[in-house]
Participant: 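Okay, handing you the structure first.
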Amino acid sequence: MRAVLDLIDDVEALRTENRQLRQALEGRALIERAKGILMARSGCDEATAFEMLVDLSRKQRRKVRVVAADFADSTGVQPLT
């Protein structure tokens, strides 16, 4: 019985990890998209675009991925699919 309970715990841990990894990948894609828009609009390099997002994130006290998503959405630029 203990082995079954341990297996259930393992499966739940894997599900949690899977969800977290998916969120991280989605967040990374949003950040990359926002950086690309900033680079195209301002002519800055990748590091500067990221710093701009981080600075805005700090000022707004929100996560970088949330700031990036809001920025990218507000520009109306759609990701390539």
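Bear in mind the structure is a predicted one, so any value in this text is a computation, not a measurement.
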Participant: Which atom pair, heavy atoms only, marks the closest approach of Ala49 to Leu38?
Facilitator: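 Of all heavy-atom pairs spanning Ala49 and Leu38, the closest is O-CD1, 3.6 Å.
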Participant: Evaluate the side-chain proximity of Arg15 to Arg19: yes if any heavy-atom separation is below 4.5 Å, no if none is.
Facilitator: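 A side-chain contact is absent here, since even the closest heavy-atom pair is not under 4.5 Å.
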Participant: Would you say Ser57's side chain and Leu53's backbone share a donor-acceptor pair under 3.5 angstrom?
Facilitator: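 Flag not set: sc Ser57 to bb Leu53 has no pair under 3.5 Å.
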Participant: Only one of Met52, Lys59, Arg62 passes side-chain contact (heavy atoms from CB on, under 4.5 Å) with Val67; say which it is.
Facilitator: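 Between Val67 and the candidates, side-chain contact (heavy atoms from CB on, under 4.5 Å) is satisfied uniquely by Arg62.
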Participant: How far apart are the closest heavy atoms of Asp45 and Met39, and which atoms are they?
Facilitator: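 Asp45 and Met39 have their closest heavy atoms at O-CG, 3.8 Å.
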Participant: Is there a side-chain contact between Arg58 and Val54 in this structure, where contact means two heavy atoms from C-beta onward sitting under 4.5 Å apart?
Facilitator: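 Answer yes - side chains close enough.
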Participant: Give, for atom CD of Glu26 and atom CZ of Arg65, the distance between the pair rounded to the nearest 0.5 Å.
Facilitator: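 Those atoms lie 9.5 Å apart.
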Participant: Any Lys/Arg nitrogen of Asp6 or Arg2 sitting under 4.0 Å from an Asp/Glu carboxylate oxygen of the other?
Facilitator: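 A salt bridge is present here (some side-chain N lies under 4.0 Å from a carboxylate O).
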Participant: Count the heavy atoms of every other residue, nucleotide or ligand shown that sit under 6.0 Å from CZ of Arg22, and state whether that count exceeds 12.
Facilitator: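 Open: at most 12 neighbouring heavy atoms sit under 6.0 Å from CZ of Arg22.
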Participant: Could you check whether any side-chain heavy atom of Phe71 comes within less than 4.5 Å of a side-chain heavy atom of Leu56, counting everything from C-beta outward?
Facilitator: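 No, side chains not in contact.
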Participant: Got a sec, which residues hit salt bridge (charged side-chain N to carboxylate O under 4.0 Å, His left out) with Glu46, two or more places apart in sequence or on another chain?
Facilitator: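 Testing Glu46 for salt bridge (charged side-chain N to carboxylate O under 4.0 Å, His left out), a comparison that skips the adjacent residues, returns Lys35.
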Participant: Looking at Arg28 and Glu32, is there a salt bridge between them, counting it only when a charged N and a carboxylate O are closer than 4.0 Å?
Facilitator: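 Arg28 and Glu32: salt-bridged.
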